[in-house]
Every structure is written in structure tokens, then in C-alpha cells.
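Side chains are part of it too, since the values below use all heavy atoms of this structure and drop only hydrogens, waters and symmetry mates. The first residue of the sequence shown is numbered 1, and numbering continues consecutively from there.
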Amino acid sequence: MRRIISATVVALLAAQPVSAETFRWAGKTDPQTMDPHAVNSAPVLGFLNNVYEGLMRRDQNMQIEGALATHWEPIGSEGWRFHLREGVTFQNGSPFTAADVLFSYKRATLPQSDVASWFASVADVKIIDDYTVEFHTVAPNPIFPDTITNFMIMDQEWTEANDAAVPAKDAENYATRHANGTGAFKVVDRQPDLKTVVEPFADWWDEATHNITRAEYTPIQNPATAVAALLSGEVDMINPVPTQDVARLSHNADVKVLEDIEARVIMFGFSNQADTLKYTDDAGEPNPFKDPRVRMAVNHAINVDAIVQTIMRGSAQPVSQLVSPAMRGYSEKLADRPAYDLDKARALLAEAGYADGFSFGLKCPNNRYINDEAVCQAAVGMLAQIGLDVELEAMPVSNYWGELRAGNFDMYMLGWSPGSFDAEHPIRFLVTTPDPEKKLGSWNFGGFSNDKIDALLPQIQSEIDDTKRQALLDDSVKILQDEAGYVPMYVQALLWGARENVDLVQRADNFFILRWVTVN
């Protein structure tokens with residue numbers, strides 16, 4: 001495991017800034033939008049953490065620290081009071097005040113927003129003065145600050161003046177290609193799927209510890225092309241490094257590989273509520289995935305250990321839940337995942353009335369997660385062993401989310417990293433019965449629903465006693481495992497490559513933060 005956090009370099013730069021050329025980096029996926037409330041995905045939120053800021057932020061070790069709020073405290077059991085940083089300006093020169101926080105809250109909770117679930121527990125937001133704002137919750141919520149670390153604040157005047165007061169999730173507005181944050185970098189050129197250029201914001205409120213004068217991001221979908229660009233010096237950093245190239249790059253003196261484990265769980269989901277299948281010759285037939293025995297059969301048929309060893313080359317960790325063991329609220333007592341057992345899988349299918357199997361469609365991305373299409377192809381072969389005939393359709397992530405939101409799947413792949421680093425997060429987004437009015441279940445594409453879990457969620461959110469709260473989380477995990485609502489497979493690896501003269505920080509949420517980059 002190799003993590004590069006050069007405190008020495010940071011200290012030297014603070015004393016004597018070093019001039020740097022343009023920094024160039026590449027990834028598999030282009031951020032879908034520059035709008036911080038339109039798409040709740042890591043490529044978008046990770047990139048925009050360099051441009052926009054929230055009330056708080058996470059440091060190099062994922063601990064929360066102040067950003068646009070200097071400090072905060074609970075208001076008894078009614079919510080949280082945030083004290084805002086004075087003297088902050090947006091990148092167009094407009095002053096930042098509590099009015100921008102309230103505006104951003106209202107915008108982020110609109111039906112067109114993809115981040116509304118962050119505020120499911122909020123009853124009201126009140127401005128006390130220009131630099132004090134209160135979030136009132138429907139019940140005590142001890143983890144509320146953790147849940148909104150990626151809630152980014154927009155300039156009300158700029159957003160309204162450019163007719164972007166409503167997020168454009170499946171369309172475009174001015175905020176789709178333009179940005180005006182308070183962060184360390186400002187967007188100066190946005191060419192979707194080609195190149196996005198940022199430059200340092202000279203009037204940023206914090207002290208800059210980087211030495212970047214200009215940074216260019218380029219999406220490169222082909223892994224071999226990305227590696228070649230790194231080796232030639234065309235780019236200074238790539239994310240991810242293909243697993244098959246880790247050893248080769250590790251022995252090259254001009255580059256270095258940074259390895260760690262991400263917070264992201266890779267899983268399969270089902271069309272739990274659809275009445276009929278949508279794909280293959282069985283399209284229109286009753287949907288077998290409504291039966292938990294069929295979903296459990298799939299769990300038993302997926303050989304996760306083989307995927308980790310052969311496709312991920314050991315750079316991943318099998319997991320039994322929607323969060324990794326590093327997350328708060330992980331259930332230690334339910335750590336075992338269903339055993340790889342083809343006989344058990346076949347028996348469950350027969351019990352459910354599918355002894356001869358059936359056919360269905362599997363949707364997967366081909367440029368979002370490490371080896372995503374290869375993992376899906378492996379799953380197709382594994383499921384064939386229990387009589388399931390799977391038609392795989394893999395596509396770029398720019399098309400993929402729209403397909404999932406439209407319900408165009410029988411089974412699908414998803415990766416999830418909890419922004420709060422708490423097990424409550426995926427319950428709220430992935431497991432709770434979808435309810436737009438309550439801002440719940442916004443990424444529960446298959447419509448999994450269980451009344452007991454729905455009742456547990458508000459208790460999990462409001463319980464202050466850690467032991468009692470863990471018991472509630474254990475109960476929810478047990479229900480989800482018994483119902484086989486998803487197929488959790490493994491925690492994805494963090495594999496980054498950089499030129500030897502680059503110092504940077506690899507954070508567990510896979511967000512690449514430019515303000516920690518130095519080029520020597």
C-alpha cells in the first residue's frame with residue numbers, strides 16, 4: 001500500500017512557492033455536469049469539490065473540518081446552528097452570506113435535484129443573521145453534519161441571473177457548463193467529454209498549499225491509452241491504473257503507483273418491483289426477481305473471491321454489506337456474505353419455480369468502475385452455470401444513469417460510496433422505499449421496499465446512543481441480507497498513477513483534490 005502525503009513539501013511550498021507548469025490529469029469518466037446539485041455521482045462531486053465548497057469539508061484523512069462554516073453546534077434536539085465564514089467571495093466577486101446557503105438548500109431540495117435525499121430529515125432552514133444559519137430537523141440527527149459535507153453552496157445572484165435556479169439533471173442550463181464557486185480553483189474552459197480547464201482562484205479565503213498555475217482534466221476511456229499518456233508525460237496523473245498494469249508501472253522509475261482501498265462497494269441490483277422482464281426472449285414474462293429466493297440464488301452463484309483474484313488481481317476486498325468495514329455502523333455480526341454455492345443456487349431457483357432457469361437483461365457501465373464490463377461478463381458466465389441466460393449490455397456512464405432512472409434493466413451494476421462515511425447513507429439512498437416527497441430512495445432504481453427498514457431509518461438517524469443505534473443498523477442489514485435486495489460483491493481498490501515528480505493525496509472517497517498537489 002502506497003499513499004503519498006508529503007507534509008514536508010507542503011511546508012516548504014508555504015515558505016517559498018515553487019513555480020509549476022500546467023498540471024494534466026486523466027480519468028475514465030468525464031463529470032456529467034458542473035452543476036453541484038444536478039447529479040449525485042462521484043465524478044461530479046469529486047471534480048466540483050475543487051471549485052465549489054460546502055459548510056464543511058473533509059481533510060486528507062476524511063475527518064470533517066470547517067469550510068464556509070467556521071464552526072457549528074446542535075440546537076438541543078431541534079437541529080444544528082452553523083456559523084459562517086466572513087469575508088468570503090465567490091469567483092465573480094460576489095460576497096458569500098447566509099442568503100446563499102438558504103438559496104442553495106432550496107435549490108438542492110427541488111424535485112429536479114439529485115441530492116435532495118441529503119435533506120430528508122430537514123424540516124426548515126432559518127437565517128439568523130448574514131453569517132448564522134440554522135437547519136431544523138424533524139427529529140434529533142447527530143450525524144447531520146456528516147451527511148452534508150458535499151452540499152455545495154451556489155451564489156444566488158449569479159445562479160438566478162443566468163436562469164439556472166432549477167438544477168438540470170437530464171437537460172442543460174447555464175450551470176451545466178459554467179461554475180461560480182468559492183473554492184480554490186475556478187473553471188475557465190469546459191468542453192464536455194473532451195477537456196475541462198481550471199485555474200487557481202486568486203481571492204480564495206484559505207491558504208493555498210499547491211503550486212499549480214493551471215490544471216487540465218481529460219477523460220480517457222481506453223486504459224492502454226491512459227497508461228501510455230502517463231508514461232510519455234502527456235499527463236501527470238491517471239485514475240485508475242488498470243489492474244494488469246500495476247506491476248509494470250511500479251517498476252518504472254518515471255512514475256509511481258498509489259494503492260489503497262476505496263470506500264466504494266460494487267454491487268448488483270435487481271428490478272425488484274417490475275411486473276415483467278424487459279429483455280431477451282422472456283421479455284413480458286412475469287419478473288422472477290420479485291421473489292427473494294431468485295435474488296438469493298444470484299447471490300450464491302456469483303463467485304466474488306474469483307472476481308477479486310482473477311479480474312481485480314487481488315486489489316479489492318469481498319464485502320457482505322452496502323458499506324465497507326471502515327464505515328461507521330458496519331455490522332460486524334453480519335460480516336459473512338452468502339457462500340459461493342451453485343447447488344444451493346439451483347435449489348433456490350427450483351423452489352421458486354425456475355428449475356429450468358430463465359433469460360434476462362443485465363445493464364452495466366463500461367467506463368465508470370475498475371474493470372466494470374469485465375466483472376459483468378464474468379457474472380454472465382457464472383449465472384449461466386445455474387441456468388440463467390443473461391444478455392449483457394454495457395455502455396458509457398453518460399448514457400447509463402439515464403437508463404437506470406428510466407428503469408430500463410432487469411439487473412444492473414452499481415457502485416456506492418457513502419458521502420457521510422456512515423451506514424445510514426446507503427439505507428437512505430438505496431434501500432428505503434422511493435418517495436420523492438420525503439426525499440428518500442433517490443438511487444433505489446429497482447424499487448426495493450421493506451416496511452420494517454422504512455420504519456428503522458428515522459430511528460437510525462435520530463438515535464444518539466451508539467450501542468442502540470448499531471442494533472438498529474444490524475436489524476436493517478439482516479433484513480436486506482435475508483431479502484437479498486442487492487448482491488454486494490467487493491470494495492473497489494484505489495489505483496492511481498502519477499509522474500515521479502508529483503506529490504498528491506489519495507483520499508478514501510476517490511476524490512482528487514487539486515489543492516494538495518505539488519509538482520517538483
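Side-chain atoms of V487 and R337, non-hydrogen and from C-beta on, do get closer than 4.5 Å to each other. For the pair V380 and L362, the minimum side-chain heavy-atom distance is below 4.5 Å. Between N50 and F512 the shortest side-chain heavy-atom distance does not fall below 4.5 Å. Residues S420 and R328 fail the side-chain proximity criterion, which asks for heavy atoms closer than 4.5 Å. The closest side-chain heavy-atom distance from R507 to I513 is below 4.5 Å. In this structure the side chain of T159 never reaches within 4.5 angstrom of the side chain of H37, judged on heavy atoms. Inter-residue side-chain proximity for P240 and K28 is flagged as met; some heavy-atom pair is nearer than 4.5 Å. Looking at M34 and V51, their side chains never come closer than 4.5 Å, going by heavy atoms from C-beta outward.
T89 and D203 form no side-chain donor-acceptor contact under 3.5 Å, judged by distance and modelled atom types alone. A donor and an acceptor atom, one from each side chain of S117 and S442, are located under 3.5 Å apart.
Partners of W158 according to the ring-ring contact (aromatic ring centres under 6.0 Å, His included) rule, which considers only residues two or more places apart in sequence or in another chain, are Y174. D30 is linked by a salt bridge (charged side-chain N to carboxylate O under 4.0 Å, His left out) to R190, counting only residues two or more places apart in sequence or in another chain. Listed by chain and residue number, Y105, F151 satisfy the ring-ring contact (aromatic ring centres under 6.0 Å, His included) test with F119 (two or more places apart in sequence, or in another chain). In this view, F90 satisfies the ring-ring contact (aromatic ring centres under 6.0 Å, His included) rule with no residue, not counting sequence neighbours. Considering only residues two or more places apart in sequence or on other chains, E234 meets the salt bridge (charged side-chain N to carboxylate O under 4.0 Å, His left out) condition with none of them. Applying the salt bridge (charged side-chain N to carboxylate O under 4.0 Å, His left out) test to K363 and every residue at least two apart in sequence or in another chain returns E393, E403.
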Walk me through it: do R107 and D35 pass the test salt bridge (charged side-chain N to carboxylate O under 4.0 Å, His left out)? CA-CA 11 Å; R107 186 178 190 272; D35 187 328; 2.7 Å; yes
Please walk me through it: do N173 and D163 pass side-chain hydrogen bond (donor to acceptor under 3.5 Å, both in side chains)? CA-CA 7 Å; N173 61 24; D163 296 323; over 6 Å; no
Given V517 and V502, is the side chain to side chain contact (heavy atoms under 4.5 Å, CB included) satisfied, shown in steps? CA-CA 7 Å; V517 174; V502 174; 4.2 Å; yes
Please walk me through it: do C376 and F268 pass side chain to side chain contact (heavy atoms under 4.5 Å, CB included)? CA-CA 9 Å; C376 289; F268 286 125; 3.9 Å; yes
Could you please spell out the steps behind the side chain to side chain contact (heavy atoms under 4.5 Å, CB included) verdict for L480 and V431? CA-CA 8 Å; L480 188 62; V431 181; 3.9 Å; yes
Show your reasoning for whether side chain to side chain contact (heavy atoms under 4.5 Å, CB included) applies to F421 and D509. CA-CA 9 Å; F421 268 50; D509 59 359; 4.2 Å; yes
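Comment: D422 does not engage R428 in a salt bridge, judged by the lack of any side-chain N to carboxylate O separation of less than 4.0 angstrom. With respect to the salt-bridge test (charged N to carboxylate O, under 4.0 angstrom), the residues R57 and E65 qualify.
Between W205 and F96, the gap from one ring centroid to the other reaches at least 6.0 Å. Taking the centre of each ring, F409 and F445 stay at or above the 6.0 Å mark.
Rounding to the nearest 0.5 Å gives a distance of 6.0 Å between CE of M413 and CD1 of I266. The CG atom of N239 sits 6.0 Å away from atom CH2 of W496, with the distance rounded to the nearest 0.5 Å. For the atom pair L430 CG and M267 CE, the distance stands at 5.5 Å (nearest 0.5 Å). Atom CG of N150 sits about 10.0 Å away from atom OG1 of T147, to the nearest 0.5 Å. Here the CZ atom belonging to R499 is positioned 7.5 Å from the CG atom belonging to N252, to the nearest 0.5 angstrom. Here the OG1-CG distance, from T310 to N371, works out to 9.5 Å after rounding to the nearest 0.5 Å.
A cation-pi contact, defined as under 6.0 Å to the ring centre and within 45° of the axis, is absent between R58 and F511.
For the side-chain contact (heavy atoms from CB on, under 4.5 Å) with L84, the qualifying choice from V101, D100, T97 is V101, the only one to do so. Applying the ring-ring contact (aromatic ring centres under 6.0 Å, His included) test between H210 and each of W516, F185, F23 identifies F185 as the sole match. Remark: of the listed residues R405, Q32, Q112, R405 is the sole one forming a side-chain contact (heavy atoms from CB on, under 4.5 Å) with K169.
Distance alone, capped at 3.5 Å, is enough to place a donor-acceptor pair between the D410 side chain and the G361 backbone.
When all heavy atoms of H425 and P418 are compared, the closest pair comes out as ND1-CA, 3.4 Å. The two atoms that bring L392 and C364 nearest to each other are CD1-SG, 3.8 Å, heavy atoms only. Taking every heavy atom of both residues into account, A175 and T33 meet most closely at O-OG1, 4.3 Å. Considering every non-hydrogen atom in both V308 and A316, the closest pair reads CG1-O, 3.4 Å.
Residue K278 places its NZ atom among more than 12 non-hydrogen atoms of other residues, nucleotides or ligands, all under 6.0 Å distant.
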